[in-house]
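As structure tokens, the structure follows; a few thoughts come after it.
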Amino acid sequence: MDVGGTRIKAVRLVAHRVVDRAERPTPVTDEEVVAAIAELALSLGEGDPLGVGLAALVDVETGTLVWGPHLPGEGVAVAEPLRRRLGVDVTVDNDANLAALAESRIGAAAGADPVVMLTLGTGIGMGIVIGGQIYRGMGFAGEVGHVTVDPEGERCPCGRQGCWETRVSGRCLDTEARRLLGDTAAAGDLVEAARGGVTGAVDVLAEAGRWLAVGVEALVLTLDPAVVVVGGAAAAAGDLLLGPARARLASTEGAHHRRSLALTAGILGADAGAIGAAIRAGEEQSHE
Ligand SMILES: [Zn+2]
């Protein structure tokens, strides 16, 4: 299950294939969220381990939602009440970590290692998979969207200035779409327009792609990943976004000495987080 700020998506996974799915809007209180997860789980079957991804900081040891700007509550026990109610094993993790796990096991980066996945949604989520396992640091590794890439840049909702996600994210493309196409336009319309050859739209995506590369370059220099997978709503732009990013990465000093990094769009789409949650739940159980 993937619990986002607006929707909860659930999939039932059998042998790494989605055999059933369900979804509903995310309720407003933390108790309702836990109850909604339980209901969705029961609607897809009983007795199987449950994995839950949350768009939030998550304590994976205790299965607790620590805090997240898009979900209700702080320090909310999620795994424990679900275990009690459903009588199954429950694992809880951060949604970006789980999307990265899914793309690295059965998606765009299958067989590659290490893998970094960037989810371009409202902001930038990041998951890192090293040696086949999610890398967590002290617990919350991956909050890369708020690394400063432009100290003179615009103010980010987090309070800092010129964060990476102010230059490339779904929210930032929504803003550009409104500027270019009118008040009701969003990132998806911008991508449509660019596909239709609207020059301004192509330029906006290319510029976002170059800013994408600025952050990816830092990841290459720190982690040297084999594959960087780009997912989330903005990833629908495909090569209109990734092409200019690849071109910038290739032009970097010393780039030709490295084995070339694959910068690619995810193939599991909006299901990636839920699929990763199911994969992790299944693997945790088989370790017991
Ligand atoms: Zn920020």
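Whatever order the structure lists them in is the order used to number ligands and atoms, beginning at 1.
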Q: Anything protein N/O/S under 2.8 Å from the Zn ion (ligand 1)? Just list residue and atom, please.
A: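 Metal shell, protein only: His146 ND1, Cys156 SG, Cys158 SG, Cys163 SG.
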Salt bridge or not for [X] and [Y], using N-O below 4.0 Å?
{"X": "Arg83", "Y": "Glu80", "value": "no"}
{"X": "Asp93", "Y": "Arg136", "value": "yes"}
{"X": "Glu283", "Y": "Arg280", "value": "no"}

Q) Which heavy atom of Pro27 sits nearest a heavy atom of Pro72, and at what distance? A)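 Taking Pro27 first and Pro72 second, the nearest heavy atoms are O-CG, 4.4 Å.
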Q) Just by modelled atom types, is the Val229 backbone N or O under 3.5 Å from a matching donor or acceptor in the Thr264 side chain? A)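 Not a single qualifying donor-acceptor pair exists.
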Q: Identify the residue among Arg21, Arg12, Lys9, Arg17 that makes a salt bridge (Lys or Arg N to Asp or Glu O under 4.0 Å) with Asp271.
A: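 Between Asp271 and the candidates, salt bridge (Lys or Arg N to Asp or Glu O under 4.0 Å) is satisfied uniquely by Arg21.
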